[in-house]
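Just so we're on the same page: letters track the sequence lines, and every chain starts at 1. Just so it is clear, the values below take in all heavy atoms, side chains as well, and ignore hydrogens, waters and symmetry mates.
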Number of protein chains: 2
Amino acid sequence: MAYRPAEQIVHKAAWLYYTHGLRQDEVAQRLNISRASVALYLRRARETGVVNIATSTHLFREDMLARRLEEVFGLDTVWLVGREGLIADPAAEIPRLAANVFVDMVRNGDRVGVAWGRTVYAIADAMSYADREGVTVVEMCGNLGSPYSYRPDQCTMEIARRFNARGLNFYAPLVLSTEDLAGDLRREPVIREQLDGIGSCDMALFSVGTLDADSHVIKCGALELSELARLKDLGAAGVIAGQIIDAEGRLLDCDYNRRVISADFDAIRAIPRRLMVVQEDEKLGPLEAAIRGRFFTHLIVTSTVGARLLERAGQDPAGATATEAIA
Amino acid sequence: MAYRPAEQIVHKAAWLYYTHGLRQDEVAQRLNISRASVALYLRRARETGVVNIATSTHLFREDMLARRLEEVFGLDTVWLVGREGLIADPAAEIPRLAANVFVDMVRNGDRVGVAWGRTVYAIADAMSYADREGVTVVEMCGNLGSPYSYRPDQCTMEIARRFNARGLNFYAPLVLSTEDLAGDLRREPVIREQLDGIGSCDMALFSVGTLDADSHVIKCGALELSELARLKDLGAAGVIAGQIIDAEGRLLDCDYNRRVISADFDAIRAIPRRLMVVQEDEKLGPLEAAIRGRFFTHLIVTSTVGARLLERAGQDPAGATATEAIA
DNA sequence: AGCGGACGTTGACTTTTGTCAATGCTCGTG
DNA sequence: CACGAGCATTGACAAAAGTCAACGTCCGCT
């Protein structure tokens, strides 16, 4: 990456200020510029990721509930947003927390798969810029012109931009009109290659979708409202990377799924670190399905959902009281 | 790790201030404490690693020289400290840069091997505290009561402390009086286990030592001054983790090496990311030997040394002029 | 119970940082 | 070549953050 000389001075100012601990006026003197410029450069340094300020997310891991969830469901790490007294609405805090955790989980050279949805976009939005090197962000599902929200490819690209990374979009729609066409397309070398590339990711970021009249797959037009009832009868329980799963987390055997171009579930599960982020308390059911399908290793949810998960798994959510006590 | 309630408020203040972007007085109001306390907590948050401020090290990777070195010697990443006009003495900047790079390279759950030396200790000293989880720091060589400087085990422990990590020290001296004793000790299960654990590290940090009257191994008493001449005749070129290597980077066949308890070279090379840091321009020779022995994948040196390495490898250090131009 | 020390907290003051309108500079265009 | 748009830079002022002595509180000890 060619270095614009203008950026050089920003790096120098940031290094002197943040690493050497000089004051702005000292930095100004050292670099022969005004202090106002130093202040300006430092702001730019923070905004562009030349300087990265990360805050510990321990706050959201500190109660017993999180540890119990990790233990009971065999997860790597669980973060819970409860009533820490930080903000009125826990759900609103989730993308911010997820962005912090996500940025921390991605390192130089990583290949990162992202699925899309409202939550994922909110995370992208809350992410700080970071000066990673050699990161690749790959889309985990086909594309879709979402009329009311952000498109999957925009989502991928936005995240890539924040990591100074290369963004790889799928050259295919998420869902096609016929099974045959989807099959043909999947066999196309370009598409094949993209699908195969998902399994070699180092980490993944996604959410799980619901299946209701106002859920994402419906609203963005991937799925017809009329198909919904029949799918539910077949046992549809949630949506992962644009594909419908049953209550056990298996790919539902249905016409819709056969017309979809998206990541293979085994490929997803082959990714070592998979961060699942769920904002809404209403997604409890789909989340349980996703757990059974072993789709993720790291989880961020509200403590309400955390407690319910344990309850419904026949576990006493002991420590829930501790959570409440935090406030 | 049990959470002292006092720390909780520090985390909360840091989260609100750094992640939500509130002002100190707003944080104070939200947490029902005085603004002065908020300022205090925030400082503590920074000092203890609850908040981590990392500055990009791009500044030290920007010239062609670094890229040429990576290419010619097959290294992963090279950072060069030249005359960026930041500080008078490039060598003094190296531990600071190395500390930044090192902290960035270690992630949760990593097992990190550290060798010791003046440089490694200087790095430990310059490191910020970070709130890593599940990190283990293992000593890569036996111990030694260094009269004039820090001991290997102190070095390991200090680094562990900064990562909130577990530190594993070697339960053996670096060098013994007889070959037999060293052999027996190496075969002891406790020691065997520690030696074996080195190969399973995720990353390593070390420097290379010289062999002169005033070099580290001599000064700390590991090696007798009287032995030096004979070792040089045998082809001794440098020191890696307390062991002597020849110009080709191979373990020198000598009495001293047979009496040493330290990491096996193949185990070191089995570690995927190995950061070599060299402060002194005088270590050019030992460094070349270390390169030939493929001891490291990442390198931090002065640009003077960088240029010389290329020259002596028969490469024109083009771009050196570019380096100078930076100032 | 009384005492003393250590440590956490705060208000008031100082220093440092953020901001913004005004100015200067560069470069493409008529 | 002159002009002006757009952007970088700066000085001066306002806002925010840092500091510290004084005070309060808790806890162990006599």
Exercise. Looking at B:V278, B:D89, B:I94, B:L80, which one forms a side chain to side chain contact (heavy atoms under 4.5 Å, CB included) with B:T302?
Worked result: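 When B:V278, B:D89, B:I94, B:L80 are each tested with B:T302, the side chain to side chain contact (heavy atoms under 4.5 Å, CB included) holds only for B:I94.
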Atom-pair distance ([atom1] on [X]; [atom2] on [N]), nearest Å:
X: B:E47; N: D:dG18; atom1: CD; atom2: C1'; result: 13 Å
X: B:Q29; N: C:dT10; atom1: CD; atom2: P; result: 14 Å
X: B:Y18; N: D:dA17; atom1: OH; atom2: C1'; result: 10 Å
X: A:R44; N: C:dT19; atom1: CZ; atom2: P; result: 14 Å
X: A:Q24; N: D:dT10; atom1: CD; atom2: C1'; result: 14 Å
X: A:L42; N: C:dT17; atom1: CG; atom2: P; result: 9 Å
X: B:L40; N: D:dG18; atom1: CG; atom2: P; result: 11 Å
X: B:L16; N: D:dA17; atom1: CG; atom2: P; result: 13 Å

Exercise. Does CD belonging to B:E47 count more than 12 external heavy atoms closer than 6.0 Å?
Worked result: yes
In terms of side-chain heavy atoms of [X], which of [options] is nearest?
X: B:R46; options: C:dT9, D:dG11, D:dG18; answer: D:dG18
X: B:I33; options: C:dT10, D:dT9, D:dA12; answer: C:dT10
X: B:R23; options: C:dT17, C:dT19, D:dA16; answer: D:dA16
X: B:S37; options: D:dT9, C:dT17, C:dT9; answer: C:dT9
X: A:A39; options: C:dT10, C:dG18, D:dT10; answer: C:dG18

Exercise. Does a side-chain N or O from A:Y41 land closer than 4.0 Å to OP1 or OP2 of D:dT9, or not?
Worked result: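 Checking A:Y41 against D:dT9: at least one side-chain N or O falls below 4.0 Å of OP1 or OP2.
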Exercise. Could A:D131 and B:R61 be called an ion pair, given the rule that one side-chain N must be under 4.0 Å from one carboxylate O?
Worked result: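 Judged by the 4.0 Å cut-off on N to carboxylate O distance, A:D131 and B:R61 do not form a salt bridge.
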For this session: Would you please classify the geometry between the B:W79 ring and the B:H298 ring as parallel, tilted or perpendicular, with 30° and 60° separating the classes?
Result: parallel
Exercise. At what angle, to 10 degrees, do the two end axes of the helix from C:dA1-D:dT30 to C:dG30-D:dC1 meet, given five pairs define each axis?
Worked result: 20°
Exercise. Under the side-chain hydrogen bond (donor to acceptor under 3.5 Å, both in side chains) criterion, do B:R46 and B:Y129 qualify, and how do the steps go?
Worked result: CA-CA 8 Å; B:R46 285 185 304 262; B:Y129 286 76; over 6 Å; no
Exercise. Could one point to a donor on the side chain of B:R35 or the base of D:dG18 with an acceptor on the other under 3.5 Å away?
Worked result: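 Looking at the base of D:dG18, it does pair with a donor or acceptor on the side chain of B:R35 (distance under 3.5 Å).
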Exercise. When you measure from the side chain of A:E133 to the backbone N and O of A:N108, does any donor-acceptor pair fall under 3.5 Å?
Worked result: no
For this session: Between B:A36 and A:Y17, name the one whose nearest nucleotide on DNA chain C is closer to the 5' end.
Result: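 It is B:A36 whose nearest nucleotide is closer to the 5' end.
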Problem set entry | Positive for salt bridge (Lys or Arg N to Asp or Glu O under 4.0 Å) with A:R273, one of A:D110, A:D76, A:D104 | A:D110
